[in-house]
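Sequence lines set the chain letters: A, B, ... in the order given, protein chains first and strands last, and positions in each chain run from 1.
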Number of protein chains: 2
Amino acid sequence: MRKPLYMEVAEEIKRRISEGIYKPQEKLTSEPVLAEELGVSRGTLREALTSLENEGIISRKHGKGSFVNKNPDKVLAGIERLDNLVSTIRQAGHVAQDKVLNIDEISIEPKIAEMLEVEPGTKGYVIESLRFSDDVPVIYCYDVLPGGLIDNKDLLKARYRCESLTDFFDNHTKYHPQKFVATANALLPPKRVEELLNVASTQPMIYLEGVMYDDNDTPINYGYQYYRGDKYQFKLVRSR
Amino acid sequence: MRKPLYMEVAEEIKRRISEGIYKPQEKLTSEPVLAEELGVSRGTLREALTSLENEGIISRKHGKGSFVNKNPDKVLAGIERLDNLVSTIRQAGHVAQDKVLNIDEISIEPKIAEMLEVEPGTKGYVIESLRFSDDVPVIYCYDVLPGGLIDNKDLLKARYRCESLTDFFDNHTKYHPQKFVATANALLPPKRVEELLNVASTQPMIYLEGVMYDDNDTPINYGYQYYRGDKYQFKLVRSR
DNA sequence: TAGTGGTCTAGACCACCAT
DNA sequence: TGGTGGTCTAGACCACTAG
């Protein structure tokens, strides 16, 4: 079984929506009937519907039915998604590029060491990088990796050939980034960021700072990013 | 059946975690065994585990088991949650206050009318309000309501006695806010915001702008907010 | 009352992981 | 290989909404 059945079912329903067989605001065929029609059990159909609901494509109303949302496309891909920045820029229809500025060995300062759950003064690496959209630098990234994660310093050179730190972790280490727990803020750029991104010192920036965890809850890097507020926007759905 | 069984099961597991029967990083009893032990079907147990996973309390690893996460408490309550701003400030340990500046009748301009799905020029109401933290104004809110939602203009006076527009909708109308679809940005304050929040014109602000929808996907208000970047921070979890 | 989504069961087989 | 979580089925009953 390549793909789980319920995913194929979800895709079939998406297809029907995009082909206009089910239109926004309209009710879907009821669960028992649709399950029969698609040749799956109701349980499997419900798994598919649940995933569509989580994606914001449909809404279910107890006793009434399941309805196609307005703008089933628009939403998604927002600030709560940990995506490759480069692919996010591409999806927005721009030419994207990643550039690593430098990789240096450092001694991790206490504040960051605590977040990374290592001893202060432990060896680590700092990676500075930029992301470009249509040849304009729009994001500055500063990342600190505990040295313990990297067996061999040469391994880090692979970062130059990756499109992001996440790609590097996925493809060259045994750690797989799962979530970035952060705080969001608005700040003016420090001198270095001002110069690298070539923005005015009065240009407000979106500032995200936090720690990345892998799927075993191991902290794998501390990082912060400055996003040009005039060039980069986050989509966001706040819900109850 | 008061509570669904799977919710009770989820609570029982949470209880075991908080009582230290299952400790962070440890593996839970396997699904077949735990289901038998709790006297429910494996399907029901899995529903409970899924909800715990969505809450970030456990992680499941195919072929290995389900594990209690570190810090099963901390996270959550971030930018993706549509919460009463006042209660959010209180939770952070500050004295919070809401103040409505004014409520005016207006003719809705085309750009906003489109977002609210009404005809340009339709009558509507503008509400300007501030949120205070320890007597310091930290958030400026500008909201536009389609006139059609409000039978009687006097009804709006109730807004003065609410702690937020969301409370007003919940308690005085038949509309119940469900989600705020928005964009996030960093901006410098316009003159009016600069004066009302008493901030420097160079103080970066977090700017959220979007449309609120009720549970039937009816747009119930357009709004934007300016948050003082130096006084207000958002928590945020970006995950895959 | 009829139809809808919500919950629950019992049992089966598959895919992943460590040994 | 044996144990774990992942997927799937068929059938039952409950709770909500509307006419």
Side-chain angles (χ1 to χ4, degrees), chain A residues 1-13 17 22 25-69 170 174-176 178 214-218, chain B residues 1-13 17 22 25-69 174-176 178 214-218 240:
Chain A
M1 199 177 308
R2 302 301 293 251
K3 251 183 202 167
L5 227 199
Y6 74 89
M7 283 191 190
E8 286 185 18
V9 170
E11 281 165 19
E12 167 63 17
I13 297 171
I17 293 172
Y22 297 132
Q25 306 278 64
E26 273 184 16
K27 194 164 81 69
L28 260 54
T29 312
S30 75
E31 292 184 1
V33 176
L34 187 53
E36 164 109 359
E37 180 183 323
L38 296 173
V40 300
S41 72
R42 192 177 154 219
T44 298
L45 171 62
R46 278 180 58 77
E47 273 188 284
L49 293 177
T50 298
S51 80
L52 293 178
E53 187 175 30
N54 291 338
E55 289 181 58
I57 295 174
I58 64 167
S59 297
R60 290 146 114 183
K61 310 279 168 65
H62 196 167
K64 304 211 309 195
S66 294
F67 300 82
V68 180
N69 285 340
D170 276 335
K174 62 180 178 181
Y175 303 98
H176 301 286
Q178 198 59 29
D214 83 343
D215 44 16
N216 291 310
D217 271 327
T218 304
Chain B
M1 199 178 310
R2 302 301 293 253
K3 252 181 202 170
L5 227 200
Y6 74 89
M7 283 191 191
E8 286 185 15
V9 170
E11 281 165 18
E12 166 63 15
I13 296 171
I17 292 173
Y22 296 132
Q25 306 279 62
E26 272 184 15
K27 194 165 82 70
L28 260 55
T29 313
S30 75
E31 292 183 0
V33 176
L34 188 53
E36 164 108 355
E37 180 183 323
L38 296 172
V40 300
S41 72
R42 191 176 154 219
T44 299
L45 171 61
R46 278 181 60 77
E47 272 188 285
L49 292 178
T50 298
S51 81
L52 293 179
E53 188 175 28
N54 290 338
E55 288 181 58
I57 295 174
I58 65 167
S59 298
R60 292 147 116 182
K61 311 281 168 63
H62 195 167
K64 303 203 334 192
S66 295
F67 300 82
V68 180
N69 285 339
K174 62 179 178 181
Y175 303 98
H176 300 286
Q178 197 59 28
D214 83 343
D215 44 16
N216 291 311
D217 270 328
T218 304
R240 292 181 134 177

Rounded to whole Å, the NZ-C1' distance (B/Lys61 to D/dT4) equals 13 Å
Those residues at least two apart in sequence (or on a different chain) that pass side chain to side chain contact (heavy atoms under 4.5 Å, CB included) with B/Ser59 are B/Lys61, B/Asn69
From OH of A/Tyr6 across to P of D/dT9 the rounded distance in Å is 13 Å
Closest to the side chain of A/Arg60, out of C/dC8, D/dT7, C/dG6, is C/dG6
What I want to check is whether the side chains of B/His176 and B/Asp214 have a donor and an acceptor closer together than 3.5 Å. no
Using nucleotides 1-3 of chain D, report all nitrogen or oxygen pairs with the protein that are shorter than 3.5 Å.
from, atom 1, to, atom 2, distance (Å)
D/dG3, N2, B/Gly63, O, 3.0

Rounded to whole Å, the CD-C1' distance (B/Glu31 to C/dC16) equals 13 Å
The side chain to side chain contact (heavy atoms under 4.5 Å, CB included) partners of B/Thr29 (sequence neighbours excluded) come to B/Tyr22, B/Val33, B/Leu34, B/Glu37
When rounded to whole Å, the CZ to P distance for the pair B/Phe67 and D/dT4 reads 11 Å
B/Leu38 CG to C/dT7 C1', in whole Å, measures 17 Å
Open item on the list: Test side-chain contact (heavy atoms from CB on, under 4.5 Å) on B/Leu28 and B/Leu49; report intermediate values, then the result.
Closed with: CA-CA 10 Å; B/Leu28 260 55; B/Leu49 292 178; 3.9 Å; yes
Here the distance between atom P of D/dT7 and atom CG of A/Leu5, to the nearest Å, is 11 Å
*Going through the distances and angles, do A/Glu8 and A/Lys3 end up as a salt bridge (Lys or Arg N to Asp or Glu O under 4.0 Å)?*
CA-CA 7 Å; A/Glu8 286 185 18; A/Lys3 251 183 202 167; over 6 Å; no
For A/Arg60, the side chain to side chain donor-acceptor pair (under 3.5 Å) test, sequence neighbours excluded, returns A/Thr50, A/Glu53
B/Met7 atom CE is separated from D/dC14 atom P, nearest whole Å, by 19 Å
Sorted by chain and residue number, the salt bridge (Lys or Arg N to Asp or Glu O under 4.0 Å) partners of B/Glu47 (sequence neighbours excluded) come out as none
Residue set satisfying side chain to side chain contact (heavy atoms under 4.5 Å, CB included) with B/Glu12, at least two apart, ordered chain then number -> B/Arg15, B/Arg16, B/Leu38
Sorted by chain and number, sequence neighbours left out, side chain to side chain contact (heavy atoms under 4.5 Å, CB included) with A/Glu36 holds for none
Within residues 42-49 of chain A, the residues having a heavy atom closer than 4.0 Å to DNA chain C are A/Arg42, A/Arg46
Intra- and inter-strand pairing of DNA chain D, written as dot-bracket with Watson-Crick and G-U pairs under 3.5 Å and | for the latter, reads ||||||||||||||||||.
A/Ser41 has its side chain closest, among D/dC8, C/dT7, D/dG6, to D/dC8
Under 4.0 Å between a side-chain N/O of A/Ser66 and OP1 or OP2 of C/dT4, yes or no? no
In whole angstroms, the gap separating C1' of C/dG5 from CG of A/Leu34 amounts to 13 Å
The side chain to side chain donor-acceptor pair (under 3.5 Å) partners of B/Lys27 (sequence neighbours excluded) come to none
Those residues at least two apart in sequence (or on a different chain) that pass side chain to side chain donor-acceptor pair (under 3.5 Å) with A/Ser51 are none
